[in-house]
Amino acid sequence: LVMSPELARVIDRTARGVIFSIDGIEPEHDRIRGQGNYQRAMEGMRIFLAGRRNARVYVSCVIGRRNHVDLTRFALDMRAMGVDRVNFQSNCIPQLKPDQGAVPSLMAELDHLSTEWSDLFVTDRKYLDKLRTYFTRPTNLEFCGVPTLGHLALLPDGTVSACCEFHLPIGNATAINLAAPI
(Lines give C-alpha, C1' and ligand atoms only; values in the text may rest on other atoms or scores of the structure.)
Protein backbone atom coordinates (compact mmCIF):
# COMPACT_ATOMS: atom_id res chain seq x y z
CA LEU A 1 0.00 0.00 0.00
CA VAL A 2 1.46 3.34 -1.02
CA MET A 3 0.54 6.51 0.88
CA SER A 4 -1.02 9.14 -1.34
CA PRO A 5 -2.38 12.57 -0.44
CA GLU A 6 -5.92 11.22 -0.98
CA LEU A 7 -5.39 8.22 1.30
CA ALA A 8 -3.72 10.49 3.88
CA ARG A 9 -6.81 12.75 3.91
CA VAL A 10 -9.16 9.79 4.43
CA ILE A 11 -7.04 8.41 7.25
CA ASP A 12 -6.63 11.85 8.84
CA ARG A 13 -10.41 12.39 8.83
CA THR A 14 -11.23 8.99 10.31
CA ALA A 15 -8.41 8.08 12.72
CA ARG A 16 -7.21 9.69 15.93
CA GLY A 17 -3.70 8.44 15.32
CA VAL A 18 -1.52 6.72 12.76
CA ILE A 19 1.41 4.43 13.60
CA PHE A 20 4.30 4.12 11.18
CA SER A 21 6.49 1.08 11.81
CA ILE A 22 10.10 2.10 11.26
CA ASP A 23 12.70 -0.19 12.76
CA GLY A 24 15.64 2.11 13.34
CA ILE A 25 17.90 4.15 11.13
CA GLU A 26 18.05 3.39 7.42
CA PRO A 27 20.66 0.57 7.30
CA GLU A 28 19.08 -1.31 10.21
CA HIS A 29 15.51 -0.86 8.95
CA ASP A 30 16.44 -2.00 5.43
CA ARG A 31 18.38 -4.98 6.81
CA ILE A 32 15.15 -6.13 8.44
CA ARG A 33 12.47 -4.94 5.98
CA GLY A 34 14.36 -5.05 2.66
CA GLN A 35 16.44 -2.62 0.65
CA GLY A 36 14.71 0.69 -0.05
CA ASN A 37 11.88 0.21 2.46
CA TYR A 38 13.20 2.88 4.83
CA GLN A 39 12.96 5.55 2.13
CA ARG A 40 9.48 4.32 1.13
CA ALA A 41 8.28 4.45 4.75
CA MET A 42 9.75 7.91 5.26
CA GLU A 43 8.14 9.19 2.04
CA GLY A 44 4.75 7.84 3.17
CA MET A 45 5.20 9.55 6.53
CA ARG A 46 6.22 12.84 4.83
CA ILE A 47 3.08 12.72 2.67
CA PHE A 48 0.90 12.06 5.69
CA LEU A 49 2.54 14.74 7.84
CA ALA A 50 2.28 17.32 5.06
CA GLY A 51 -1.51 17.14 4.97
CA ARG A 52 -2.55 16.08 8.43
CA ARG A 53 -4.96 18.19 10.38
CA ASN A 54 -6.27 15.86 13.09
CA ALA A 55 -4.49 12.54 13.57
CA ARG A 56 -1.44 12.24 15.75
CA VAL A 57 1.55 10.49 14.21
CA TYR A 58 3.32 7.76 16.13
CA VAL A 59 6.38 5.75 15.16
CA SER A 60 6.81 2.24 16.47
CA CYS A 61 10.31 0.80 16.47
CA VAL A 62 10.54 -2.91 17.23
CA ILE A 63 13.91 -3.53 18.86
CA GLY A 64 15.66 -6.77 18.05
CA ARG A 65 18.99 -8.41 17.42
CA ARG A 66 19.58 -6.51 14.17
CA ASN A 67 18.58 -2.94 15.03
CA HIS A 68 19.40 -1.96 18.59
CA VAL A 69 22.07 0.59 17.63
CA ASP A 70 21.87 4.36 17.15
CA LEU A 71 18.49 4.71 18.85
CA THR A 72 19.37 8.29 19.85
CA ARG A 73 20.06 9.18 16.21
CA PHE A 74 16.80 7.48 15.24
CA ALA A 75 14.91 9.52 17.84
CA LEU A 76 16.50 12.74 16.56
CA ASP A 77 15.45 11.85 13.00
CA MET A 78 11.86 11.17 14.08
CA ARG A 79 11.66 14.41 16.06
CA ALA A 80 12.98 16.33 13.03
CA MET A 81 10.27 14.72 10.87
CA GLY A 82 7.62 16.09 13.22
CA VAL A 83 6.19 12.89 14.68
CA ASP A 84 4.23 13.24 17.89
CA ARG A 85 5.45 10.18 19.76
CA VAL A 86 7.92 7.29 19.40
CA ASN A 87 7.51 3.88 20.97
CA PHE A 88 10.30 1.34 21.32
CA GLN A 89 9.02 -2.17 21.80
CA SER A 90 10.29 -5.71 21.82
CA ASN A 91 10.19 -8.29 19.09
CA CYS A 92 7.94 -11.16 20.20
CA ILE A 93 10.28 -13.78 18.76
CA PRO A 94 12.81 -14.90 21.40
CA GLN A 95 15.44 -15.79 18.78
CA LEU A 96 15.47 -12.17 17.59
CA LYS A 97 16.08 -10.56 20.98
CA PRO A 98 19.27 -8.49 21.30
CA ASP A 99 22.32 -10.46 22.43
CA GLN A 100 22.56 -10.58 26.22
CA GLY A 101 25.82 -8.63 26.16
CA ALA A 102 24.10 -5.71 24.40
CA VAL A 103 21.17 -5.43 26.80
CA PRO A 104 22.82 -3.26 29.52
CA SER A 105 23.93 -0.53 27.09
CA LEU A 106 20.65 -0.75 25.15
CA MET A 107 18.61 -0.30 28.32
CA ALA A 108 20.87 2.55 29.49
CA GLU A 109 20.23 4.35 26.18
CA LEU A 110 16.46 3.77 26.44
CA ASP A 111 16.49 4.96 30.07
CA HIS A 112 18.34 8.11 29.01
CA LEU A 113 16.00 8.80 26.07
CA SER A 114 12.85 8.30 28.12
CA THR A 115 14.14 10.69 30.79
CA GLU A 116 15.60 13.40 28.56
CA TRP A 117 12.82 13.36 25.96
CA SER A 118 9.81 12.27 27.96
CA ASP A 119 7.59 14.41 25.70
CA LEU A 120 8.53 12.30 22.66
CA PHE A 121 8.39 8.79 24.07
CA VAL A 122 5.41 6.62 24.88
CA THR A 123 7.74 4.54 27.03
CA ASP A 124 7.59 4.94 30.81
CA ARG A 125 9.62 3.44 33.69
CA LYS A 126 7.24 0.51 34.22
CA TYR A 127 7.36 -0.39 30.51
CA LEU A 128 11.16 -0.15 30.46
CA ASP A 129 11.35 -2.52 33.42
CA LYS A 130 9.15 -5.02 31.55
CA LEU A 131 11.30 -4.60 28.45
CA ARG A 132 14.49 -5.22 30.44
CA THR A 133 12.93 -8.35 31.93
CA TYR A 134 11.80 -9.56 28.52
CA PHE A 135 15.24 -9.04 26.98
CA THR A 136 16.97 -10.96 29.77
CA ARG A 137 14.58 -13.94 30.10
CA PRO A 138 14.60 -16.91 27.73
CA THR A 139 10.86 -16.52 27.06
CA ASN A 140 8.12 -14.15 28.16
CA LEU A 141 5.09 -14.40 25.91
CA GLU A 142 2.97 -12.37 28.32
CA PHE A 143 4.87 -9.21 27.37
CA CYS A 144 3.24 -8.38 24.04
CA GLY A 145 -0.46 -7.82 24.71
CA VAL A 146 -0.94 -6.11 21.33
CA PRO A 147 -4.50 -7.40 20.82
CA THR A 148 -5.55 -5.54 23.98
CA LEU A 149 -4.08 -2.17 22.93
CA GLY A 150 -6.88 -1.22 20.56
CA HIS A 151 -4.92 -0.73 17.37
CA LEU A 152 -4.57 -2.47 14.04
CA ALA A 153 -1.62 -3.08 11.73
CA LEU A 154 -1.75 -2.01 8.09
CA LEU A 155 0.63 -4.25 6.16
CA PRO A 156 2.37 -3.21 2.92
CA ASP A 157 -0.04 -5.20 0.74
CA GLY A 158 -3.05 -3.42 2.28
CA THR A 159 -3.97 -6.23 4.68
CA VAL A 160 -5.46 -4.98 7.94
CA SER A 161 -4.29 -7.27 10.74
CA ALA A 162 -4.76 -7.47 14.51
CA CYS A 163 -0.99 -8.00 14.81
CA CYS A 164 2.02 -7.08 12.69
CA GLU A 165 4.15 -10.01 13.79
CA PHE A 166 1.65 -12.85 13.61
CA HIS A 167 -0.65 -12.13 10.70
CA LEU A 168 -4.25 -12.14 11.86
CA PRO A 169 -5.97 -10.61 8.82
CA ILE A 170 -9.35 -8.96 9.31
CA GLY A 171 -9.68 -7.06 6.03
CA ASN A 172 -7.88 -5.18 3.29
CA ALA A 173 -7.50 -1.40 2.99
CA THR A 174 -7.12 -1.51 -0.78
CA ALA A 175 -10.86 -2.11 -0.91
CA ILE A 176 -11.49 1.38 0.47
CA ASN A 177 -13.23 3.67 -1.99
CA LEU A 178 -11.36 6.95 -1.57
CA ALA A 179 -14.10 8.85 -3.40
CA ALA A 180 -16.84 7.63 -1.06
CA PRO A 181 -17.98 10.00 1.71
CA ILE A 182 -17.00 9.01 5.22
Side-chain angles (χ1 to χ4, degrees), residues 15-34 37-38 41-42 44-45 48 55-79 81-156 159-170:
R16 290 185 297 178
V18 175
I19 302 172
F20 287 85
S21 183
I22 302 175
D23 294 331
I25 59 175
E26 188 169 4
E28 279 69 32
H29 179 87
D30 281 358
R31 190 175 310 128
I32 295 165
R33 304 276 184 152
N37 281 315
Y38 179 85
M42 295 301 282
M45 191 163 54
F48 190 84
R56 293 182 51 89
V57 175
Y58 303 90
V59 170
S60 177
C61 178
V62 178
I63 300 171
R65 185 174 301 261
R66 297 178 281 179
N67 70 328
H68 60 82
V69 297
D70 289 329
L71 297 179
T72 299
R73 182 172 144 208
F74 175 74
L76 284 168
D77 291 349
M78 295 303 104
R79 175 167 270 178
M81 286 287 300
V83 304
D84 295 300
R85 304 285 279 193
V86 174
N87 181 36
F88 291 108
Q89 63 188 60
S90 72
N91 189 314
C92 299
I93 303 170
Q95 298 86 338
L96 297 180
K97 290 182 187 182
D99 293 323
Q100 290 300 301
V103 172
S105 62
L106 166 62
M107 293 311 303
E109 186 173 17
L110 290 174
D111 284 337
H112 174 76
L113 287 171
S114 70
T115 301
E116 293 300 314
W117 295 354
S118 60
D119 64 312
L120 183 63
F121 293 100
V122 174
T123 308
D124 63 10
R125 179 67 38 218
K126 192 174 185 179
Y127 181 85
L128 285 175
D129 289 343
K130 283 181 131 185
L131 194 59
R132 182 179 286 106
T133 299
Y134 175 76
F135 284 150
T136 56
R137 284 191 184 162
T139 61
N140 188 358
L141 294 178
E142 297 80 34
F143 181 81
C144 178
V146 166
T148 65
L149 298 178
H151 73 268
L152 300 172
L154 180 59
L155 305 178
T159 300
V160 178
S161 176
C163 178
C164 339
E165 199 61 52
F166 304 104
H167 296 258
L168 305 168
I170 58 175

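Values below: all heavy atoms of this structure, side chains included; hydrogens, waters and symmetry mates excluded.
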Participant: Looking only at atom types and distance, does a side-chain atom of Asp23 sit under 3.5 Å from a main-chain N or O of His29, one as donor and one as acceptor?
Facilitator: no
Participant: Write down the atom of Pro98, the atom of Val103, and the distance for their closest heavy-atom approach.
Facilitator: O-CG2, 4.3 Å
Participant: With no hydrogens and no angle check, is any side-chain donor or acceptor of Glu109 less than 3.5 Å from a backbone partner on Pro104?
Facilitator: no
Participant: List the atom of Ala75, the atom of Phe121, and the distance in Å for their closest heavy-atom pair.
Facilitator: CB-CZ, 3.7 Å
Participant: Below 4.0 angstrom, N of the basic side chain to O of the carboxylate: do Asp129 and Lys126 qualify?
Facilitator: no
Participant: Can you check whether Leu120 reaches Met78 side chain to side chain, under 4.5 Å on heavy atoms?
Facilitator: no
Participant: To the nearest 0.5 Å, how far apart are CZ in Arg73 and CD in Glu26?
Facilitator: 8.5 Å
Participant: Less than 4.5 Å apart, any side-chain heavy atom of Asn67 and any of Phe74?
Facilitator: no
Participant: Working to the nearest 0.5 Å, report the span between CZ of Arg137 and NZ of Lys97.
Facilitator: 9.0 Å
Participant: May I ask you to test the Phe20-Met42 pair for a side-chain heavy-atom distance under 4.5 Å?
Facilitator: no
Participant: Just wondering, do Val57 and Met81 contact through their side chains at under 4.5 Å, heavy atoms?
Facilitator: no
Participant: If I take atom CZ from residue Arg66 and atom CZ from residue Arg31, how far apart are they, to the nearest 0.5 angstrom?
Facilitator: 8.5 Å
Participant: Hey, does Leu110 have a side-chain heavy atom less than 4.5 Å from the side chain of Ile63?
Facilitator: yes
Participant: Quick check: does any side chain N or O of Arg16 sit under 3.5 Å from a backbone N or O of Ala55, one acting as donor and the other as acceptor?
Facilitator: no
Participant: Answer yes or no: is there a side-chain heavy-atom contact under 4.5 Å between Arg33 and Ser21?
Facilitator: yes
Participant: Might you point out which heavy atoms bring Leu113 and Thr72 nearest each other, and give the distance in Å?
Facilitator: CD2-OG1, 3.8 Å
Participant: Verify, without hydrogens or angle tests, whether Asp30 (side chain) and Asn37 (backbone) share a donor-acceptor contact under 3.5 angstrom.
Facilitator: yes
Participant: Can you name the nearest heavy-atom pair linking Gly24 to Tyr38, along with the distance?
Facilitator: O-CE1, 3.4 Å
Participant: Once you round to the nearest 0.5 Å, how far does CG of Leu106 lie from CG of Asp99?
Facilitator: 11.0 Å
Participant: How far does CZ of Arg132 sit from CG of Leu128, to the nearest 0.5 angstrom?
Facilitator: 6.5 Å
Participant: Look only at the side chain of Arg79 and the backbone of Asp84, and say whether a donor-acceptor pair between them is shorter than 3.5 Å.
Facilitator: no
Participant: Considering non-hydrogen atoms only, spot the tightest contact between Phe135 and Ser90 and give its length.
Facilitator: CE2-CB, 4.0 Å
Participant: Looking at every non-hydrogen atom in both residues, tell me the closest pair between Ile25 and Glu28 and how far apart they are.
Facilitator: CG1-OE1, 2.8 Å
